[in-house]
Amino acid sequence: MLTTTAIAQVTINLPESSIRTQSDYTAEAIGGPSLNGLLSLVPNINIKSNLANFPISSGATSIPAVPLSRFFVKIYSIGTLILLGSSVEQFPSNTETKSIYGGLASVSPGPIKSNYRVQIGGYAWHAGTFSNTIVFSLAGLLGSIGTPNQLINIVVPPFITMETTSADIALNVNTLDQFRSTGVTANGNLNYFTTVNTNIRLKSTAANFSFNKTYPNLPVPVNVSTLLNVKIPTFTAVNPNTADQNVATNVIVPIGNKNLNAPAYTITAANLKTNFIQAGIYTLPITYSIPPVTTNESTTASVSGNATVNVASMSELIISQPAVKLIFGSANDYKNGVSVTMTNHLRVSSTVPYDITVKASGATLTSTSGNTLPVNLIRIEGASGQSGITPIILSATAQKLMNASAPAIDRLLSIKYSIPSAQAAQLLNKAGGDYTTTVTYTIVAP
């Protein structure tokens with residue numbers, strides 16, 4: 001009688017790379033049972049599972065069992081005869097016997113070697129060992145199977161591996177409305193492969209944003225890291241600081257074993273206006289760490305980068321109440337002069353230092369009948385209580401009303417227009433009528 005030594009236990013170690021790439025893994029030509037008999041046989045070899053699935057035998061008991069349909073068996077050889085072309089690949093069932101070799105050729109008794117294929121894609125593989133017994137049997141009266149019971153152990157390694165290689169994120173502030181209402185938001189990527197449930201933690205490695213300023217003469221702002229808001233969908237937002245904080249907890253192993261996260265980084269309009277008004281680049285170094293929920297179940301993965309706030313150089317000057325009237329309606333007006341205060345006449349926004357200049361469209365004011373008055377009758381200055389404005393006498397040449405003013409958003413300026421008493425005398429004996437000129441305000445970099 002021919003005797004063989006069969007392996008009663010098979011351990012299949014799934015490679016991390018197969019799980020990450022969702023590629024099937026095959027353990028090839030694995031020894032197991034044996035075909036016993038006195039003569040050459042035309043065997044019909046069957047398999048059946050003891051259990052309805054592969055339950056976990058080493059690991060957290062709450063982890064779901066691996067379905068039988070994930071595990072396939074195919075005869076590789078019997079003795080020295082390679083049978084891959086004639087054997088049938090099957091996944092085992094616990095309710096029926098399935099044929100994996102249908103007796104197409106006569107074979108001599110000997111060790112049975114099999115290929116065991118694990119179908120990886122489309123499943124959430126949890127770390128642990130999953131075990132079940134597969135029973136090989138022989139149909140017919142001739143021959144027998146030696147060591148028919150094969151304990152199959154599928155070992156899934158614990159790992160957390162980053163796909164995202166940098167946590168860099170850019171928040172671009174390039175419209176003034178972002179300071180007024182919308183704020184700034186940017187969505188990043190934080191993707192990793194895992195076979196264990198995870199937490200996601202975030203910290204800044206500096207207490208404040210660093211600042212690379214556009215204009216060297218301005219003070220450097222001190223902007224704390226907590227001005228930034230970070231939120232992963234379905235979890236609570238956090239403001240990073242120098243201590244680790246959970247931005248997501250108990251993130252379960254997903255189908256495909258790849259966690260896709262799109263953290264949203266936000267700075268509110270109010271915080272932009274208060275703290276990021278200067279054009280330039282604000283940088284905060286950040287680090288994400290991805291530890292397992294269960295301590296020591298896997299090593300912690302991490303990725304670092306910079307959250308960068310890029311504030312563009314922008315300026316805007318809006319004039320309200322564009323029609324200004326200086327009315328001489330009485331003898332006292334010619335004696336004392338006239339003035340009018342335009343409250344909140346100019347609205348200035350700039351992320352860089354700015355000058356404001358003013359000029360008339362020509363040297364004279366002109367009436368509808370063609371009469372003229374010199375524009376230098378008119379004085380323009382800040383209204384009472386309005387700071388930072390240099391009084392000027394209007395001319396056709398641009399003059400600085402404001403010089404090197406600090407960045408501001410929606411700064412309101414009240415302006416006083418006047419023809420003082422000393423100049424009012426020049427209006428005597430002039431033809432009555434409305435005399436007009438166009439006054440142009442310009443905001444420019446200093």
Side-chain angles (χ1 to χ4, degrees), residues 11-25 51-71 118-132 152-167 169 187-203 230-241 243-265 286-305:
T11 297
I12 301 172
N13 293 293
L14 298 185
E16 177 184 336
S17 59
S18 293
I19 297 173
R20 285 193 285 108
T21 60
Q22 295 289 280
S23 303
D24 289 1
Y25 176 71
L51 302 174
N53 48 44
F54 285 81
I56 192 163
S57 59
S58 176
T61 56
S62 60
I63 291 175
V66 174
L68 291 175
S69 58
R70 291 277 159 185
F71 179 76
V118 180
Q119 187 181 67
I120 302 291
Y123 186 70
W125 292 96
H126 293 258
T129 300
F130 302 82
S131 302
N132 187 11
I152 307 296
N153 300 307
I154 301 174
V155 180
V156 180
F159 65 85
I160 306 168
T161 301
M162 297 303 306
E163 181 188 58
T164 298
T165 58
S166 172
I169 187 70
N187 292 313
N189 292 309
L190 185 67
N191 303 333
Y192 59 93
F193 303 96
T194 185
T195 55
V196 298
N197 292 349
T198 52
N199 297 322
I200 302 176
R201 294 174 180 167
L202 172 66
K203 71 175 182 178
V230 182
K231 178 176 173 57
I232 290 178
T234 76
F235 293 97
T236 303
V238 302
N239 304 105
N241 56 42
D244 272 319
Q245 298 181 79
N246 282 329
V247 289
T249 55
N250 198 27
V251 182
I252 64 171
V253 176
I255 291 174
N257 292 88
K258 183 178 179 180
N259 260 312
L260 302 174
N261 300 285
Y265 302 80
I286 58 174
T287 296
Y288 284 97
S289 58
I290 319 291
V293 171
T294 302
T295 304
N296 298 325
E297 191 175 23
S298 172
T299 56
T300 296
S302 64
V303 64
S304 297

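Along the sequence shown, residues carry numbers from 1.
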ask   = Going through the distances and angles, do N257 and Q22 end up as a side chain to side chain contact (heavy atoms under 4.5 Å, CB included)?
value = CA-CA 8 Å; N257 292 88; Q22 295 289 280; 4.2 Å; yes
Looking at every heavy atom in both [X] and [Y], which two are closest together, and how far apart are they?
{"X": "P292", "Y": "S298", "answer": "CG-O, 3.3 Å"}
{"X": "A124", "Y": "P254", "answer": "CB-O, 3.4 Å"}
{"X": "V303", "Y": "A167", "answer": "CG2-N, 3.9 Å"}
{"X": "P263", "Y": "V230", "answer": "CB-CG1, 4.2 Å"}
{"X": "A262", "Y": "P233", "answer": "O-CD, 3.6 Å"}
{"X": "D24", "Y": "I120", "answer": "OD1-N, 3.0 Å"}

key: Evaluation steps, side-chain hydrogen bond (donor to acceptor under 3.5 Å, both in side chains), between T287 and S304   = CA-CA 4 Å; T287 296; S304 297; 2.8 Å; yes
What distance separates [X] [atom1] from [Y] [atom2], expressed to the nearest 0.5 Å?
{"X": "S18", "Y": "N13", "atom1": "OG", "atom2": "CG", "answer": "11.5 Å"}
{"X": "N261", "Y": "F235", "atom1": "CG", "atom2": "CZ", "answer": "8.0 Å"}
{"X": "N259", "Y": "N191", "atom1": "CG", "atom2": "CG", "answer": "8.5 Å"}
{"X": "T194", "Y": "E297", "atom1": "OG1", "atom2": "CD", "answer": "8.0 Å"}
{"X": "I200", "Y": "I232", "atom1": "CD1", "atom2": "CD1", "answer": "4.0 Å"}
{"X": "T161", "Y": "R20", "atom1": "OG1", "atom2": "CZ", "answer": "5.5 Å"}

task = Would you sort out whether F71 and N132 count as a side chain to side chain contact (heavy atoms under 4.5 Å, CB included), showing the intermediate values?
result = CA-CA 11 Å; F71 179 76; N132 187 11; over 6 Å; no
Around [X], counting heavy atoms of other residues, nucleotides and ligands shown, do more than 12 lie under 6.0 Å from its [atom1]?
{"X": "K203", "atom1": "NZ", "answer": "no"}
{"X": "L260", "atom1": "CG", "answer": "yes"}
{"X": "N250", "atom1": "CG", "answer": "yes"}

Taking [X] for its side chain and [Y] for its backbone only, find out whether a donor-acceptor pair lies under 3.5 Å.
{"X": "E163", "Y": "F193", "value": "no"}
{"X": "T195", "Y": "W125", "value": "no"}
{"X": "N53", "Y": "L68", "value": "no"}
{"X": "R70", "Y": "V118", "value": "no"}
{"X": "N241", "Y": "A243", "value": "yes"}

Between [Y] and [X], is there a side-chain heavy-atom distance shorter than 4.5 Å?
{"X": "I19", "Y": "F159", "value": "yes"}
{"X": "L14", "Y": "I154", "value": "yes"}
{"X": "Q119", "Y": "S69", "value": "no"}
{"X": "N197", "Y": "T294", "value": "no"}

inquiry  = As a quick check of understanding, evaluate side chain to side chain contact (heavy atoms under 4.5 Å, CB included) for I12 and Y25, giving each step before the final call.
reply    = CA-CA 9 Å; I12 301 172; Y25 176 71; 3.8 Å; yes
request  = Assess whether side-chain hydrogen bond (donor to acceptor under 3.5 Å, both in side chains) is satisfied between N199 and T249, documenting all intermediate values.
outcome  = CA-CA 4 Å; N199 297 322; T249 55; 5.1 Å; no
task = Can you spot which of L202, I169, V247, I290 makes a side chain to side chain contact (heavy atoms under 4.5 Å, CB included) with L190?
result =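 The side chain to side chain contact (heavy atoms under 4.5 Å, CB included) with L190 is passed solely by I290 among L202, I169, V247, I290.
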Pair Y288-T164, side chain to side chain contact (heavy atoms under 4.5 Å, CB included): steps then yes or no = CA-CA 11 Å; Y288 284 97; T164 298; over 6 Å; no
